[in-house]
Amino acid sequence: MSSENPPVENKPSSHDLSRCPPNKIIFDHSKGEYVCLETGEVIEERVIDERAEWRAFTPEEREKRARTGGPITGTVHDMGFATSIDYADKDASGRRIVEKKAQLQKLRKWQARTRIQSSIDRNLAQALNELERISELLNLPTHVREEAARIYRLAVEKGLVRGRSIESVIAAAVYVAAREARVPRSLDEITKYTRIPRKEIARCYRLLLKELGIKVSAVDPIDFIPRIAHALGLSGELIMAATDILNKVRDKGVTAGKDPAGLAAAAVYIAAISAGEKRTQKEVAHVAGVTEVTVRNRYKEIIEALGLEDKMEE
DNA sequence: CTTTAGACGAAGTATTA
DNA sequence: TAATAATTCGTCTAAAG
């Protein structure tokens, strides 16, 4: 192996919230989210009480994992019965009971039924636990978590979880919910926090769409722009500029079938250069979760479609 | 030395028969 | 289900700054 390791290499995790100083957190009005300028991660949406939420998300609080995501709404579960009735036909003192045998028999039958119920609950509890964990790592807003929980419940009711791991279905539900809310996370991002291979999550995703009759529109590349731009420390005006670029090329056939993240990355790259706030392809590609090659190709195509070949000098 | 550009096959995806 | 077409990725080479 003659290949050396570049100093700054494969650090795909732009999600390290510990390097997220409070003064680097800004509010994205277009999405109603707090976004970290360092990492581009969405911190929290739903700003009912700003200061309270703000304080909860200082790095120190983060480190201590004091609170994130808040009290789980609609995620409360019933732990079911802890006690059980055994088959020994004896009472507490060990004496044999004959008279009450019939009654006990009924009780057992009834409990067998509730046992099924409580096994569903246990499943749900575990699933919601996993959901919270993933959502937190992805910094998904609460309403997305609730939607994912709802989707998972539907999946359980339809028996779709049978023969599949809870984690994979939850991951797929998160993917769907994030897309619905237009705060998309890529399959790779979700895969990163799961033991489930990306392929499997994609399978479950398709299954959910089909079996639950869910319709999600194609991901709009524009939805990726704020995160990418913020991650690079670029301004709100620049977000607007990048958005304009994508809007202009939208109908020019350049965007069909292309990775939305790559398109957004290229738009940000172009806008940054135009604004005299140049970022390298490498930087943009990294925070966008695509390769430099892809940024390059999209860049070239957009420039050509817009006839900006000459304007890009310096 | 770093950034950018381009080319190639490998690999994963979407579409169609 | 299998074949196909288009796309991205990883790596390499090379030019430009």
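The sequence lines fix the lettering, A, B, ..., with proteins before strands; numbering per chain opens at 1. Any value given below was found using the heavy atoms of this structure, including those in side chains, with hydrogens, waters and symmetry copies removed.
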On DNA chain C, compare the nucleotides closest to A/Thr291 and A/Ala256; which residue's is nearer the 5' end?
A/Ala256

How long is the line joining CG of A/Asp188 and P of B/dT13, in whole Å?
9 Å

Does the side chain of A/Arg179 come under 3.5 Å of the side chain of A/Tyr205 through a donor N or O and an acceptor N or O?
yes

Once you apply the 3.5 Å cut-off to both distances, tell me the Watson-Crick or G-U wobble partner of B/dA11, or none.
C/dT7

Using a 4.0 Å heavy-atom cut-off across all strands, classify A/Ala285 as base, sugar-phosphate, or nothing.
nothing

Phosphate OP1/OP2 of B/dA5: any A/Gln281 side-chain N/O under 4.0 Å:
yes

same_hphob_cluster(A/Ile151, A/Leu187) at 4.5 Å side-chain heavy-atom cutoff:
yes

Between the CD1 atom in A/Ile134 and the OG1 atom in A/Thr194, the distance rounded to the nearest 0.5 Å is 4.0 Å

For A/Lys300, answer base if it contacts any base atom (sugar-phosphate contacts may also be present), sugar-phosphate if it contacts only those atoms, and nothing otherwise; contact means non-hydrogen atoms under 4.0 Å.
sugar-phosphate

Option from A/Leu138, A/Leu137, A/Leu131 for which side-chain contact (heavy atoms from CB on, under 4.5 Å) with A/Ser135 holds
A/Leu131

Could you tell me whether the phosphate oxygens of C/dT8, OP1 or OP2, come under 4.0 Å of any side-chain nitrogen or oxygen in A/Arg298?
yes

What is the distance, rounded to the nearest whole Å, between atom CD1 of A/Ile201 and atom C1' of B/dT13?
16 Å

Quickly work out the A/Glu292 CD to C/dC12 P distance and round it to whole Å.
14 Å

Can you measure A/Arg296 atom CZ to B/dT3 atom P for me and round it to whole angstrom units?
12 Å

A/Asn297 has an atom CG; how far is it from atom P of B/dA7, in whole Å?
10 Å

Counting heavy atoms from C-beta on, name the nucleotide in B/dT4, B/dA7, C/dT8 closest to the side chain of A/Asp259.
C/dT8

Specify the separation, in whole Å, of atom CZ of A/Arg206 and atom P of B/dT15.
11 Å

Verify the contact: side-chain N or O of A/Tyr299 to OP1 or OP2 of B/dT4, cut-off strictly under 4.0 Å; return yes or no.
no

Gap between atoms NZ and C1', on A/Lys282 and B/dT4 respectively (whole Å):
12 Å

Residues A/Ser168, A/Ser165; criterion side-chain hydrogen bond (donor to acceptor under 3.5 Å, both in side chains); working and verdict
CA-CA 5 Å; A/Ser168 59; A/Ser165 73; 2.9 Å; yes

From the set C/dG10, B/dT4, C/dT7, return the single nucleotide nearest to any side-chain atom of A/Val293.
C/dG10

Could you tell me how far apart A/Ile303 (CD1) and B/dA5 (P) are, to the nearest whole angstrom?
10 Å

Check every atom of C/dT8, B/dT4, B/dT13 against the side chain of A/Arg198 and return the nucleotide holding the closest atom.
B/dT13

